[in-house]
Every structure is written in structure tokens, then in C-alpha cells.
Protein chains: 2
Amino acid sequence: MTSPISQFAAPEYAEVAFYEAIGRGDLKTLMSVWSEEEEVVCVHPTGQRMRGLQEVREGWQSVLTQGLRVSVTPLHRWQTMVMAVHLVQETLYVGDDQTPHGPLFSTNVYMRGAHGWRLVSHHSTAAIDAEHAIADQRILH
Amino acid sequence: MTSPISQFAAPEYAEVAFYEAIGRGDLKTLMSVWSEEEEVVCVHPTGQRMRGLQEVREGWQSVLTQGLRVSVTPLHRWQTMVMAVHLVQETLYVGDDQTPHGPLFSTNVYMRGAHGWRLVSHHSTAAIDAEHAIADQRILH
């Protein structure tokens with residue numbers, strides 16, 4: 001059964017839901033962003049690759065225990081009718097601590113299916129890009 | 001002027017040309033794989049982001065001086081009519097040394113334009129995935 005929350009009309013909505021779910025530690029909503037029709041893969045900044053919804057869920061379950069919040073800066077977008085790729089910069093905060101961690105670069109791949117736009121791949125890695133980071137600064141939430 | 005070498009009829013051909021060009025230290029062919037119509041971005045395993053053809057070229061120019069060869073293992077593909085995303089695993093060799101380095105995970109994004117399929121994004125990072133790496137082992141070249 002698909003929850004109404006996962007009917008994303010644009011990849012941007014799926015992206016916002018994804019990062020907001022991380023900030024709330026909401027694994028159920030986070031998983032509702034991933035495609036159930038396409039193969040899904042998540043490469044964490046540790047270099048670990050999670051394949052399929054079950055591995056992806058297990059990977060995020062352990063990440064969410066850290067109580068992360070994520071500030072997201074869109075960097076690049078490539079979009080077609082049924083597929084979109086977003087490169088974003090993520091700055092992480094742990095719990096209530098205001099110390100920024102990262103930044104990370106993430107390539108998020110979305111596909112449009114029967115239930116709207118869904119995430120099929122999230123590839124996230126440590127960035128060294130301080131100069132560009134400042135120039136591009138635009139916090140999504 | 002576009003060279004005939006860059007008329008790739010499928011993203012797979014662009015991918016082979018890209019990695020073979022790295023192996024030959026052939027910057028001209030490597031650059032012919034990148035799109036001239038779309039914004040291009042390259043995130044190197046160092047965490048550096050190169051934006052636009054000129055920065056991408058400069059980034060690869062310094063990489064190619066290392067005399068790398070790359071063995072590529074396709075891991076996942078998502079393809080639509082005009083956009084394709086490939087997650088691959090790369091194993092690097094320096095010069096004639098048979099010692100493998102890496103592996104890396106790379107998310108390669110291709111778009112089909114007026115001159116066939118071209119690379120628009122290459123996001124490459126250190127992997128820790130020894131178990132999957134062995135299971136998936138299939139060397140492209």
C-alpha cells in the first residue's frame with residue numbers, strides 16, 4: 001500500500017521530503033521517497049553501497065540514530081520527462097549542536113513512475129569545496 | 001567542430017570511450033565524451049568539484065599525468081530515452097604496476113543530445129565494498 005505522502009509531483013518535492021525525514025529521524029517517510037518500481041542504490045559517505053530497499057533501509061536506520069539535521073544547497077540539476085539528477089551540497093548538524101559537519105556532495109537520481117517521482121540512487125561523499133560552497137550558499141531548509 | 005569519435009549511439013559507448021581515454025592518457029578524446037550542450041560537473045574522489053568544460057579539463061589534465069588505467073565493473077543502470085545513469089566500480093592501476101588501487105564508486109550521468117550520448121556528470125568516491133566487489137567482478141576492459 002502506498003501512502004499519499006509519496007505522490008511527489010516533482011523531484012524537488014521528493015528531495016525536500018527526503019531531507020526533512022532525515023531531520024526528523026523519520027525512517028518511514030524517508031523510505032517512502034525511494035522507488036518501489038526501480039532498482040535502488042545508496043552509496044554512503046563511508047564508501048558503503050546499499051542495494052535494494054531492505055539494505056537501504058538498514059543503512060539509514062543506523063544513520064538516523066545519530067539525530068542528524070541536513071542543510072541542503074542545490075548545485076546542479078539535469079532533468080528530463082521521466083528522470084532527474086540533482087547534485088546537492090549537504091551540511092550536517094548532529095542533535096542540537098550548531099557545529100556544521102561536512103560538507104558532503106550528493107548525487108540524487110529520481111525517476112517518475114506510477115506513484116510520481118521517486119529516488120532511485122543517492123551517492124554521497126565528503127566534499128572539499130569551501131570556495132564554491134560559500135558562493136553557492138542557498139539553504140533549502 | 002565535433003569529431004566523429006563523439007557520436008555515441010548509446011551511453012555504454014560513451015562510457016567505454018571515457019575509460020579507454022583515461023587509460024591512454026588521451027585528454028582530447030576524454031573531453032570529447034563530455035556534453036557541450038548541457039552543464040557538466042565532475043566530482044573527483046578527492047572531494048573536489050569541477051564545473052564546466054574548462055574546469056573539468058583542468059581536473060583531468062592533472063589526473064592523466066599519473067598514467068592511470070581503469071578496470072570498470074558495471075553495477076547498476078537506470079536508463080530512459082534521453083538520460084541514463086550508470087553506477088560503476090573502478091579499480092585503478094598506476095603505470096605498469098599491477099597493484100590495484102581503489103576501488104572507487106562512480107555515478108556517471110549521460111544525456112542524449114544533437115551529437116549522441118554524452119557525459120554530463122561523473123561523481124567518483126572511494127568505496128569500501130570488498131564483498132560486493134568480488135561478487136560483481138566483471139571487467140569491462
Side-chain angles (χ1 to χ4, degrees), chain A residues 11 35 37-52 55-56 59 73-90 102-113 117-133 135-136, chain B residues 11 35 37-52 55-56 59 73-90 102-113 117-133 135-136:
Chain A
S35 175
E37 298 168 69
E38 302 285 341
E39 189 173 30
V40 297
V41 178
C42 187
V43 178
H44 287 281
T46 54
Q48 282 180 295
R49 173 174 54 122
M50 308 301 186
R51 302 190 286 185
E55 276 191 23
V56 167
T73 307
L75 298 178
H76 306 275
R77 291 170 195 225
W78 300 269
Q79 175 138 6
T80 64
M81 285 293 285
V82 291
M83 195 177 214
V85 178
H86 295 180
L87 178 65
V88 302
Q89 182 177 293
E90 304 174 4
L104 305 177
F105 288 137
S106 290
T107 297
N108 296 325
V109 182
Y110 301 90
M111 292 184 78
R112 197 181 68 181
W117 288 88
R118 297 284 194 95
L119 190 60
V120 298
S121 176
H122 173 75
H123 181 173
S124 193
T125 67
I128 49 161
D129 198 34
E131 188 183 308
H132 287 158
D136 288 333
Chain B
S35 176
E37 300 169 70
E38 303 285 340
E39 189 174 30
V40 298
V41 178
C42 187
V43 178
H44 286 281
T46 54
Q48 282 181 295
R49 173 174 54 122
M50 307 302 186
R51 302 188 288 183
E55 276 191 23
V56 167
T73 307
L75 299 178
H76 305 276
R77 290 171 195 224
W78 300 269
Q79 176 138 7
T80 64
M81 285 293 285
V82 291
M83 194 177 214
V85 178
H86 295 181
L87 178 66
V88 302
Q89 182 176 295
E90 303 175 4
L104 304 176
F105 288 136
S106 291
T107 296
N108 296 325
V109 182
Y110 302 90
M111 291 184 79
R112 197 181 69 181
W117 288 88
R118 296 285 195 97
L119 190 59
V120 298
S121 175
H122 173 75
H123 180 173
S124 193
T125 66
I128 48 161
D129 197 36
E131 188 183 308
H132 287 158
D136 289 331

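Just so you know, these numbers use all the heavy atoms, side chains as well, and skip hydrogens, waters and symmetry mates. Naming: A, B, ... by sequence-line order, numbering from 1 per chain.
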Novice: With a 4.5 Å cut-off on heavy-atom pairs, point out which of B:Val41, B:Thr46, B:Val82, B:Leu104 contacts chain A the most.
Specialist: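 So the answer, after comparing B:Val41, B:Thr46, B:Val82, B:Leu104, is B:Val41.
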
Novice: Answer yes or no: is there a side-chain heavy-atom contact under 4.5 Å between B:Leu75 and A:Arg51?
Specialist: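 Not touching, per the 4.5 Å side-chain cut-off.
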
Novice: Report yes if some heavy atom in the side chain of B:His76 is under 4.5 Å from a heavy atom in the side chain of A:Glu38; otherwise report no.
Specialist: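 SC-SC contact between B:His76 and A:Glu38 ruled out.
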
Novice: Working to the nearest 0.5 angstrom, can you tell me the gap between A:Met83 CE and B:Thr80 OG1?
Specialist: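 Between atom CE of A:Met83 and atom OG1 of B:Thr80 there are 5.5 Å.
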
Novice: Please classify the contact of B:Val43 with chain A as side chain, backbone, both or neither, using a heavy-atom distance under 4.5 Å.
Specialist: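 Contact with chain A involves the side chain of B:Val43 alone.
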
Novice: Rounded to the nearest 0.5 Å, what separates atom NE2 in A:His44 from atom CZ in B:Phe105?
Specialist: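 Rounded to the nearest 0.5 Å, the NE2-CZ separation comes to 11.5 Å.
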
Novice: Does B:Trp78 use its side chain to pair, donor to acceptor, with the backbone of A:Val40 at less than 3.5 Å?
Specialist: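 Looks like no, no N/O pair under 3.5 Å.
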
Novice: One pair to check against side-chain hydrogen bond (donor to acceptor under 3.5 Å, both in side chains): B:Thr125 and A:His123. What are the steps and the verdict?
Specialist: CA-CA 9 Å; B:Thr125 66; A:His123 181 173; 2.9 Å; yes

Novice: Which answer fits B:Val109, side chain, backbone, both or neither, if we ask what part of it has an atom under 4.5 Å from a heavy atom of chain A?
Specialist: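 The side chain, not the backbone.
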
Novice: Identify, with sequence neighbours excluded, every residue that meets side chain to side chain donor-acceptor pair (under 3.5 Å) alongside B:Ser106.
Specialist: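 With sequence neighbours excluded, B:Ser106 shows a side chain to side chain donor-acceptor pair (under 3.5 Å) to B:Glu90, B:Ser124, given in chain and number order.
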
Novice: Please look at B:Met81 and chain A and tell me whether the side chain, the backbone, both or neither of the residue comes under 4.5 angstrom of a heavy atom of that chain.
Specialist: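 B:Met81 has no heavy atom closer than 4.5 Å to chain A.
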
